[in-house]
**Student:** 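Please find one structure pasted underneath; my questions will follow.
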2 protein chains.
Amino acid sequence: MAMATPSRRLARTDWARAALAAIADSGLAGVAVEPLARRLGTTKGSFYWHFTNREALIEAALDLWEQEHTEAVIVRVDREPDPLQRLRLLLTTAIMLAQEDVIDAAVLASGNHPLVAPVLTRVTERRVGYLAGLFRRLGFSPAQARDRGLLAYTAYLGHTQLIQAGLSIAPAHGAGLRRYVDRLLGITTAPE
Amino acid sequence: MAMATPSRRLARTDWARAALAAIADSGLAGVAVEPLARRLGTTKGSFYWHFTNREALIEAALDLWEQEHTEAVIVRVDREPDPLQRLRLLLTTAIMLAQEDVIDAAVLASGNHPLVAPVLTRVTERRVGYLAGLFRRLGFSPAQARDRGLLAYTAYLGHTQLIQAGLSIAPAHGAGLRRYVDRLLGITTAPE
DNA sequence: GTACCTCCGTACGGTGCCGTATGGTCGAGA
DNA sequence: TCTCGACCATACGGCACCGTACGGAGGTAC
């Protein structure tokens with residue numbers, strides 16, 4: 001927790017990452033300058049050098065999230081050539097990531113906040129769009145593919161919610177997760 | 001907004017309902033004694049007569065939510081005898097309710113808060129249990145019924161998220177919603 | 001009408017955070 | 001070594017909220 005200080009001086013990105021971590025475990029309200037400064041072993045003097053105010057920090061943190069938490073998974077999954085296998089890989093890794101890092105759920109939780117809403121909209125449309133593209137490659141019509149992509153994404157979102165809420169009834173790993181993903185796949189790829 | 005004052009004196013329940021409304025549009029952080037007092041046209045003097053502190057108010061509000069926002073829907077739906085029709089009715093009304101009243105999503109958003117977590121766990125298990133019961137009555141085995149209830153519930157949760165986030169891609173009413181529910185039903189009730 | 005009980009108004013101290021002001025430190029380069 | 005600019009520490013004022021103390025208003029009972 002008390003992060004080591006390899007280089008004494010901090011950069012803008014360090015603050016943004018710390019803010020993202022704060023969102024993950026306390027929500028947007030957790031992004032407070034003075035507590036973050038304590039956590040980083042520095043003071044507000046540093047913060048107000050790099051940022052004009054708290055709002056700018058939140059924006060930077062959300063930018064980071066948008067860039068890293070969607071494209072990273074897509075790139076990582078895109079190397080699998082078979083679309084069905086890729087879909088399975090995507091769902092599995094997404095669910096496992098959502099379990100070990102709750103930042104996704106935390107951002108969603110503040111989805112109605114004016115700073116979060118536009119970012120969240122972009123990310124959601126990117127993700128649903130990517131899913132729909134996979135279903136297209138499985139042979140579904142554009143409308144069908146979009147519907148199924150949407151359904152798969154809502155199932156993912158809801159599952160993430162359950163995990164983050166600490167519900168033991170949601171399978172989060174191992175055989176339970178594999179069976180869950182299999183069922184989700186079988187269900188969403190079945191012909192109408 | 002400036003609510004009329006039919007009876008000058010307030011009761012504990014008035015505060016709890018106001019707190020629930022505050023959660024709905026500002027999250028847990030929106031439950032602040034002095035702003036609520038202003039909103040109710042009274043002062044802190046009233047509040048600290050009825051409650052020992054802010055925490056007690058949050059608990060009362062969550063109690064209210066637990067009692068009214070789950071059982072009410074179940075009771076209302078339970079009069080439909082046919083299980084498949086009841087499932088359809090349940091999903092449709094739940095999604096429509098989630099759209100006109102965001103309290104459900106707001107509570108979920110604070111699911112990791114120590115005061116919210118236990119309530120949320122109970123509510124989730126009650127809902128998934130009820131759904132599983134419906135799938136049982138449709139002829140599925142206990143394990144199958146639970147899995148399908150879980151899937152239906154995660155889809156509902158995710159869909160709620162999307163609506164609350166203001167995503168236009170999520171069908172929220174009319175033909176789009178009917179088609180969405182039909183697909184969800186067809187999918188979750190299909191034999192394996 | 002007076003004693004009492006329920007409920008509320010008001011004033012106060014305390015805390016945690018935001019943002020500003022200003023001086024200090026430290027390394028890079030002339 | 002001196003200077004300069006990037007970066008940070010510290011102190012301060014202000015605000016919003018929590019919780020307490022206490023003095024009432026208004027109804028009820030007799």
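Below, chains carry the letters A, B, ... as their sequence lines are ordered, and counting in each starts from 1. What's counted below: heavy atoms across the whole structure, side chains too, no hydrogens, waters or symmetry copies.
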**Student:** Let me know the distance between CH2 of W15(A) and P of dC7(D), rounded to the nearest Å.
**Tutor:**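 It works out to 14 Å between those atoms.
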**Student:** Using a heavy-atom cut-off of 4.0 Å across all strands, would you classify T43(A) as base, sugar-phosphate, or nothing?
**Tutor:**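 Touches a base.
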**Student:** Between R38(A) and dG16(C), does any side-chain N or O lie under 4.0 Å from OP1 or OP2?
**Tutor:**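 Negative; the distance criterion is not met.
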**Student:** As a test of understanding, state which of L108(A), L162(A), T124(A), D104(A) forms a side-chain contact (heavy atoms from CB on, under 4.5 Å) with L157(A).
**Tutor:**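 Among L108(A), L162(A), T124(A), D104(A), the one meeting side-chain contact (heavy atoms from CB on, under 4.5 Å) with L157(A) is L108(A).
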**Student:** Quickly work out the Y48(B) OH to dT10(C) P distance and round it to whole Å.
**Tutor:**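 Checked: the OH to P distance equals 17 Å.
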**Student:** Side chains of R148(B) and T189(B): is there a donor and an acceptor less than 3.5 Å apart?
**Tutor:**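 Checked: R148(B)/T189(B) side chains show no N/O donor-acceptor pair below 3.5 Å.
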**Student:** Residues in salt bridge (Lys or Arg N to Asp or Glu O under 4.0 Å) with R122(A), at least two apart?
**Tutor:**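 Only E66(A) meet the salt bridge (Lys or Arg N to Asp or Glu O under 4.0 Å) criterion with R122(A).
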**Student:** Among dT25(C), dC18(C), dT20(D), find the nucleotide with the atom closest to the side chain of R9(A).
**Tutor:**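 The nucleotide sitting nearest to the side chain is dT25(C).
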**Student:** Return the value, rounded to whole Å, for the distance between atom CH2 of W49(A) and atom P of dT25(C).
**Tutor:**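 These atoms are roughly 17 Å apart.
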**Student:** Distance check needed: dC17(C) P versus F47(A) CZ, whole Å only.
**Tutor:**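 Whole-Å distance recorded here is 14 Å.
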**Student:** Are OP1 or OP2 of dA9(D) and a side-chain N or O of S46(A) less than 4.0 angstrom apart?
**Tutor:**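 No, no such contact exists.
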**Student:** Got a sec? Which of residues 50-58 of chain B come in under 4.0 Å of DNA chain D, heavy atoms?
**Tutor:**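 Within this stretch, N53(B), R54(B) sit under 4.0 Å of the strand.
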**Student:** Looking at L62(B) and L115(B), what are the two nearest heavy atoms and their distance?
**Tutor:**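 Looking at all heavy atoms of both residues, the closest pair is CD1-O, 3.5 Å.
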**Student:** Closest approach to the side chain of A32(A), judged atom by atom: which nucleotide of dC8(D), dC18(C), dC18(D) is it?
**Tutor:**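 The answer is dC18(C).
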**Student:** Between R54(A) and V31(A), which heavy-atom pair has the shortest distance, and what is it?
**Tutor:**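 Result for this residue pair: NE-O, 2.6 Å.
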**Student:** Using ring-ring contact (aromatic ring centres under 6.0 Å, His included), reason through W15(B) and F51(B) one step at a time and then give a plain yes or no.
**Tutor:** CA-CA 9 Å; W15(B) 282 98; F51(B) 295 87; 7.1 Å; no
**Student:** Let me confirm one number: the CG-CZ distance from D82(A) to R88(A), rounded to the nearest 0.5 Å.
**Tutor:**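 So the gap between those two atoms works out to 9.5 Å.
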**Student:** Given atom CG of L10(B) and atom C1' of dT6(C), what is their separation to the nearest angstrom?
**Tutor:**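 Roughly 13 Å, once rounded to whole Å.
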**Student:** Whole angstroms only, please: what is the CD-P distance between E34(A) and dT10(D)?
**Tutor:**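 Going from CD in E34(A) over to P in dT10(D) covers 13 Å.
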